[in-house]
Structure formats: structure tokens, C-alpha cells
Amino acid sequence: MTDLVLVNANVLTMDPNRPRATAVAIAQGRITALDEVPPGAARVADLRGATVLPGFHDAHNHMIGFGMSLGEVDIGSPPVGSLDELYAAIARRAETTAPGEWVIGSGYDQNKLGGHPHRDALDRAAPGRRVWLRHTSGHMCVVNSVVLADLGIDTAATELPGGRVATDSSGRPTGLLEERAQLLVGSLVYPYPLAELTSAIARAAGQYLKEGVTSCTEAGIGGGWVAHSPAELAAYAAARDQGQLGVRVELMTAADVLHPLGAHADDNLVAGLDLGISTGFGDDWLRLGAVKIFADGSLVGRTAALHDPYYHSDTAGYLQADAADLRAAIIAAHRSGWQVATHAIGDRAIDLVLDAYADALRQYPRPDPRHRIEHFAVVQPRQVARAAELGVIAVPQGRFATELGDGMLAAVGPDRHAWLYRQRSLLEAGMVLPGSSDRPVVAGAPLLGIDGMVNRRTSSGAPFNPDEAVTAEQALHAWTRGSAYASRQEHVKGSIAPGMLADLVVLSEDPTAVSPDRIAALEVLATIVGGQFGYGSLD
Ligand SMILES: [Zn+2]
């Protein structure tokens, strides 16, 4: 029995063997036929020429972080365009926040505000409240004096590896905490109750479905500063049990969580999770993905590790850990059978990761490991060739060009503009390009990400390394089949063909047929996950 048939559709299948179709049949959550659809379906929807694609798959997002940010002060977009406006927004929220409680904001960018917020001004805006403002990159934050006092660093900084407590010329902390120094403030709120995380997942899922997302990969749970609870997976499992997961989720495990297992010496399980659970465990709805390792920091925050200093600066960023320790962590995870996804932005960090992947593959050969480099932001030509040769999947974010592009261009200077967030040269080198947002770092709607990949313009209108633009067709491929490949799931999703999961998005128009400047404004008419309508109804 066929459950649903879509007819009069403009189907872009992303299947190279059969790129186009006009009808799709669905039964029991799977696609059963194209074009010659069986008669007697329970429901027939006439799409009147609307475009059908495989559901979008965000290959790198922070679902819980995004869900939580929906309830925080938005300090990343108008009307917050200056520090004074930011302080005013904090003051408004403080009025409805009890003394001692938290005022949390996300998304500020000092490149747009003219500087980082300062603890003293935050104290004036929110007297007696705890203020915590996250940078748009997620790699740094600012807190006020109440929080600094809680941490015992209100008058002097502490030293800590992989991070920095920023101070003024007199040695007094300014409130800015970089990279692993964020763990300090994290210790005041972590772990979050699982019920709070489950609600955040449900809120995020509702938004994802409206935007055509049917799968996403959460880029790090369970440990380190991106985590919300050591038992974070249980929040996803609860969301699933309560019917609130909404989309298919792949979870990356933070490297901090891996530990020796005590297995037999011949098993090569030098680092893993209890019971030997690793990449691929789970099912079509909820599964474990790669292990997530951080090699360096943020480009707009100027902490990412470059070979040469930032433009008009004498600093070149830093690694998140000792180079030898990072290498050892990557090799141990590879040896233990994990897919490895390492965050590396600067060319120095990228070299370290490519070297570690090469060593891991040489010492412990393994077929088709599909190791990833998240962001892959400042990339020398020789590094593209090496990544391709190693079979590495680079995971850049299209929307970064739009929202963070001006800060990135300024950070590296004109001589390195052509190295920024490559796409086209990766495809030309034979690499697979997934689609991803890194939400909540920037807006996460896939059509905005595709717009960024194709149009490559910053919010001020400057071209952003336009030679690396891709076509709408290539961007759609990235957000569907490319992401499925990065998740080792291309045999079940990412294209529309008989036997594949019935995960589809219906768009008002064909992104490959409209003028590129209209892509961002196309409408999502419906999102179907496993044959069920998650958004819209096509009535
Ligand atoms: Zn991320």
C-alpha cells in the first residue's frame, strides 16, 4: 500500500543516475518509486510544479545550543549595532530578571560593535545580576563582575592552558574569557538539567522543520566547553521517546569523553566510550557520529592558529592544546575505529591535523575512514591537494561569508583572501563538500547557507573570495548528498531514489532556475521526514 504520492513535481533527485523526476511514491517511510507511481495511494498531492529535493542535512550544527539561544537576549543583530545598544538590551532584560539570576545573551561580534563589552558597563546595565554574553563564534564570552567574583577572578586573572582571561594594562580582568577559559563560567551552570536540554531540542526541531531540515549533525556533546551535560545523549533519547526529536540527529562525541576501555590489547580500542560504543551506533533517527576534537579557535575572534600573524598584528592565534597531545588524541581515536572530526580554522592548525590524519592512516590503515576537518577556513593551495589525497572531508559554512565575512577579510588581510572558506577548489580537487551552518553561530536556514555558498557577499556588500563560489546545483548537492556522505549515510539518505528514506523538502521554486539573488527568499512549502509531514501539508 502506497501512503503518499507527490505528482506534478519538479524533483531534483541528487541521484546522478536519474537526476530528474516528476512524481515520487512513498510507503512505510521509504521512497518506493519515481515517475511510474503505483495507483491506489492513500493520498495524492498535486504539487503544481513545486520543487522537491532530498531533505536538507546540516552537517555541523549545535542543536541544543540553538534551542537554548531562542530564549536568550539576541545581541547579534539589529537593533544591537553598537556597544551602547547592547548595554541597553541587557538593561531591558535585567528589569525582568531577579537579582542573582542570569542574563544570558548570544551572538555579539566585536568587529561590528567596535569592541568587546566590558564588565563595568555590564554591571551598570544589570546591577546584581549575573551577566554572560557569548561571542558569535562561540569561542569566547564576556561576563560581569558578579560572575568574575563567583569565579574568584574579579581582581586578577588565573593562568590556564588553551584559554585566556583577558586583563587591562593594570592586570584587572575585563570580563572577556577566551576559548577554554569559558569552562570557568561553564562550571557555574553545568550540568544543565536534562529536561531543560530536551525542551531546547524540541524548540530547535520545530524551527528546523520549518526551514526544510530533515537531518542534522550535532558537533560535540558530553564534554568540553561546547557541552551542556555529561549525559547529553540522554536528552536526545528523551526527545525521541517523547516524539519531539522532529529531525534525524547524528551526535558527535566530544573527545574529552573518550577514555581507555580496558579491552584486550589486540582490539586496538585505546580510546572509547563504555561498552565500546562508537561511530555509527544507533539507528536512522539517533546515532553516534564522529569524535569531535578542537585544534584551534575562531577567525573573527582572532584566536585560530595561523602560520603568519593576523593582519596588522603580531599575534598568530594559538592551538587549543599542546600539539603533541592533539596529535595523540587524533591518532588514538582513529586507531579505535572512530571517524574523527577536528575543528581546524587556521592554516597552522590545518597542517597539524593533516599530519595527524596522515600518520594515523599510515600507522593504522583502515578503509574509508572519512575523517573530517570542521570549518577548514584559511587554506593554502598545497593544503587542498593534501586533504584531497588523504580523503579528508572539509566542512565549511556557507553563511559565514555573509554574516562573518567582513571580520574574516579584516582578520587575514588581502594577501590571504583567496585562501578563505574554499568550496570550488575543494570540488575541483575531488573532495566531497557537505552543507552546514554551525548554528547558532550564524542563521541556520539551509536556503541562507546555500545563498552564502553561491553569492559569497558579506553583510556590508563586499565580495568574499568570489572565485570559490559554487553553483546552486553544487550547493544543493552539498546540503543533501554531500552531508549524507560526511555522515556515512549516503546509502539511506541524501538523494531521492527507491529504497531511500522518505525525507523530502518542497520548495516554492527551483533554486537552480531562479536568479541567484532570489535563493534566500524561496519558500519552504513542506518538510517530510520518514514519509510524515513535519511542516506544511501541501493541502
Ligand atoms: Zn561548531
Side-chain angles (χ1 to χ4, degrees), residues 57-69 76 106-109 134-141 162-163 178-180 182-183 186 197 200-201 204 208 213 215-228 232 236 249-257 288-301 303-305 317 320 339-346 349-350 353 371-378 393-404 407-408 421 433-446 448-449 452 478-479 483 486-487:
H57 180 164
D58 191 336
H60 180 130
N61 89 122
H62 301 275
M63 191 179 194
I64 288 180
F66 174 69
M68 292 177 81
S69 76
S106 286
Y108 86 85
D109 179 352
R134 296 196 199 91
H135 189 261
T136 180
S137 66
H139 286 261
M140 53 193 72
C141 65
E178 288 179 5
E179 306 297 347
R180 288 183 71 85
Q182 297 185 96
L183 285 168
L197 304 185
I201 291 164
Y208 290 7
V213 174
S215 287
C216 70
T217 301
E218 162 90 43
I221 61 161
W225 58 260
V226 290
H228 301 92
E232 212 156 359
Y236 283 94
V249 178
E250 179 187 53
L251 302 169
M252 288 192 198
T253 303
D256 313 50
V257 185
L288 279 186
V291 64
K292 174 77 179 289
I293 297 176
F294 281 93
D296 69 346
S298 143
L299 193 53
V300 290
T303 57
Q320 291 264 310
Q339 183 186 18
V340 182
T342 311
H343 167 119
I345 298 244
I350 288 169
V353 177
H371 295 326
R372 309 169 34 144
I373 296 184
E374 310 303 300
H375 312 304
F376 204 59
V378 183
I393 300 167
V395 190
Q397 287 69 40
R399 180 72 182 171
F400 279 12
T402 321
E403 290 191 39
L404 306 175
M408 291 176 177
Y421 278 94
L433 185 63
S436 72
S437 69
D438 205 10
R439 170 151 54 188
V441 171
V442 295
L448 296 180
W479 275 87
S483 292
S487 292

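This chain uses plain numbering: 1 for the first residue, then up along the sequence. Just follow the structure's listing: the first ligand is 1, and inside any ligand the first atom is 1. Reckoned from all heavy atoms, side chains included, excluding hydrogens, waters and symmetry mates.
Evaluation of the ring pair (Phe, Tyr, Trp, His ring centres under 6.0 Å) rule for Phe376 yields no partner, not counting sequence neighbours. Among residues two or more places apart in sequence or in another chain, the side-chain contact (heavy atoms from CB on, under 4.5 Å) test is passed with Thr342 by Ile293, Ala295, Ile330, Val340, Val353, Tyr357. Shown here are the side-chain hydrogen bond (donor to acceptor under 3.5 Å, both in side chains) partners of Thr253, two or more places apart in sequence or in another chain: there are none.
Legend: protein N/O/S atoms lying under 2.8 Å from the Zn ion (ligand 1), waters omitted, number 3.
Of the N and O atoms on the side chains of Ser436 and Gln397, at least one donor lies less than 3.5 Å from an acceptor on the other residue. Looking at Thr303 and Glu178, their side chains never bring a donor and an acceptor atom within 3.5 Å of each other.
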*For side-chain contact (heavy atoms from CB on, under 4.5 Å), just list the numbers for Thr217 and His60, CA-CA rounded to whole Å, side-chain angles, deciding distance to a tenth of an Å, and then say yes or no.*
CA-CA 5 Å; Thr217 301; His60 180 130; 5.9 Å; no
